[in-house]
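Every chain is numbered from 1 and lettered A, B, ... according to where its sequence line falls, protein lines coming before strand lines.
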Protein chains: 2
Amino acid sequence: MVSQEVRDTVKQLFREYMERRHLRKTMERYAVLDAIYSIEGHFDVEDLYKLMEKAHFRVSMGTIYNTVALLLDAHLIVKHQFGMTAQYEKCYSCETHHHLICTQCGKVTEVTSKALRNTIESMKFRNFTQTHYSLYVYGICVSCKRANTRKLKKQQKTNKK
Amino acid sequence: MVSQEVRDTVKQLFREYMERRHLRKTMERYAVLDAIYSIEGHFDVEDLYKLMEKAHFRVSMGTIYNTVALLLDAHLIVKHQFGMTAQYEKCYSCETHHHLICTQCGKVTEVTSKALRNTIESMKFRNFTQTHYSLYVYGICVSCKRANTRKLKKQQKTNKK
DNA sequence: GTCAGTGCAAACTTTTTGCAACTAC
DNA sequence: GTAGTTGCAAAAAGTTTGCACTGAC
């Protein structure tokens, strides 16, 4: 459960962003932001569309894409591209985390490491000002590893016959 | 220029991979691998298709997608999803590098940092066996930053009038 | 000879665009 | 009133799939 406080804060930040950029503060934009901050973890535009429809605030896909682009620019959400569809997640008052991605089943797990985070955030680059980052660690999750071991043993058994 | 030695080695590795998996070793698959190892830096399937066409070895998009999937599984290439199209790059005998991505113009720069690489690669995760990783650092490149400063100054000037 | 792999085209999915209607300013 | 924003539908872009033909084993 996300606190009302966070929702109010991000709404205020979004308002300030839109004023700075001379954009119109529409109901739809606030509704998209609020829907996003009610979601824990990753979501794609389809998820968001369905969630808002269920909450009886239907907005078109075009508007969702438009608003998501603004929220990205305002640094209120971050974008990930794990597979073919873009995934997003809220990022205000959320710990920066790293992603473990199983190359076999596609499962994404989040892990935090303060040490690693500090190392990356304190890096300086020539001709580049860092705002944020994403670390994707690929490998095999434990359930796929076990499944592979079982499969291999089965094959060896068959070959012996 | 990629040495012939590397090309021969990856061909051999791919051959072994296909034999292990009981896959057919076709001309098309070797041609795709060789084309990929002639490319420096990132490419997408479109680039690869055009390159091969120019080299008078036309293969269908379907075959390219098929072969690229095998090469990913064989760990002979890695996949990136910076924008909407998937980008790939060869990864045998190539230094692991990190990517700086400008959120404004989309330009991708590669940087290496042995210290960071060691930090990430030496990390242990519960229930997860790491094979490789991608680090994407987002921010503003120096040319966009300069352009923004100019733009801002111009605006302030106009406002004063 | 068999069947995995290929080329081609159609289908599918995700995202972008064009346009009329609407509404924040 | 004006122009940015929305909804809708059509288009575009990237990737996958179905099917007949080919060629690796």
Any protein N or O atoms within reach of nucleotides 23-25 of chain C? Criterion: under 3.5 Å, listing atom names and distances.
| residue | atom | partner | partner atom | Å |
| --- | --- | --- | --- | --- |
| dA24(C) | N3 | R24(A) | NH1 | 3.2 |
| dC25(C) | OP1 | K25(A) | N | 3.4 |
| dC25(C) | OP1 | K25(A) | NZ | 3.4 |

Go through Y17(B) and H75(B) one step at a time and tell me if the ring-ring contact (aromatic ring centres under 6.0 Å, His included) criterion holds.
CA-CA 10 Å; Y17(B) 169 81; H75(B) 296 295; 9.0 Å; no
Count the heavy atoms of every other residue, nucleotide or ligand shown that sit under 6.0 Å from NZ of K50(B), and state whether that count exceeds 12.
no
Does the side chain of H80(A) come under 3.5 Å of the side chain of Y136(B) through a donor N or O and an acceptor N or O?
no
Closer than 4.0 angstrom, basic N to acidic O: yes or no for K11(B) and D34(B)?
no
Interatomic distance where CZ belongs to R29(A) and P belongs to dG4(D) [whole Å]:
11 Å
With a cut-off of less than 4.0 Å, is there a side-chain N or O of R58(A) near OP1 or OP2 of dC8(D)?
yes
Quickly work out the E19(B) CD to dA4(C) P distance and round it to whole Å.
18 Å
E28(A) versus N66(A), side-chain donor and acceptor atoms under 3.5 Å
no
Where is the tightest heavy-atom contact between C102(B) and I140(B), given as atom of each residue plus distance?
SG-CA, 4.1 Å
Tell me the interatomic distance from M61(B), atom CE, to dC8(C), atom P, rounded to whole angstroms.
12 Å
Specify the separation, in whole Å, of atom OH of Y30(B) and atom C1' of dG23(D).
15 Å
Is the shortest side-chain N/O distance from S60(B) to OP1 or OP2 of dC8(C) below 4.0 Å?
no
Over how many whole Å does the gap from F57(A) atom CZ to dG7(D) atom C1' extend?
13 Å
Which whole-number value in Å describes the distance from H22(A) NE2 to dT5(D) C1'?
17 Å
Below 4.0 angstrom, N of the basic side chain to O of the carboxylate: do K114(B) and E95(B) qualify?
no
CZ of F82(A) versus P of dT14(C): gap in Å, rounded?
16 Å
Angle between terminal axes - the helix from dG1(C)-dC25(D) to dC25(C)-dG1(D), 5 pairs each end, rounded to 10°
40°
Which of residues 64-76 of chain B have a heavy atom under 4.0 Å from DNA chain D?
Y65(B)
Residue K107(B) excluded, over 12 heavy atoms near NZ under 6.0 Å:
no
Heavy atoms only: give me the nearest K90(A)-I77(A) pair and the separation to one decimal.
CA-CG2, 4.1 Å
Whole angstrom value for the distance that separates C1' of dT15(C) from OH of Y49(A)
15 Å
Give a yes/no on whether any side-chain N or O of R21(A) is located under 4.0 angstrom from OP1 or OP2 of dG4(D).
no
Do the rings of H99(B) and H42(B) sit parallel, tilted or perpendicular, given the 30° and 60° boundaries?
tilted
In terms of side-chain heavy atoms, does Q4(A) have a donor or acceptor partner in R7(A) at a distance below 3.5 Å?
no
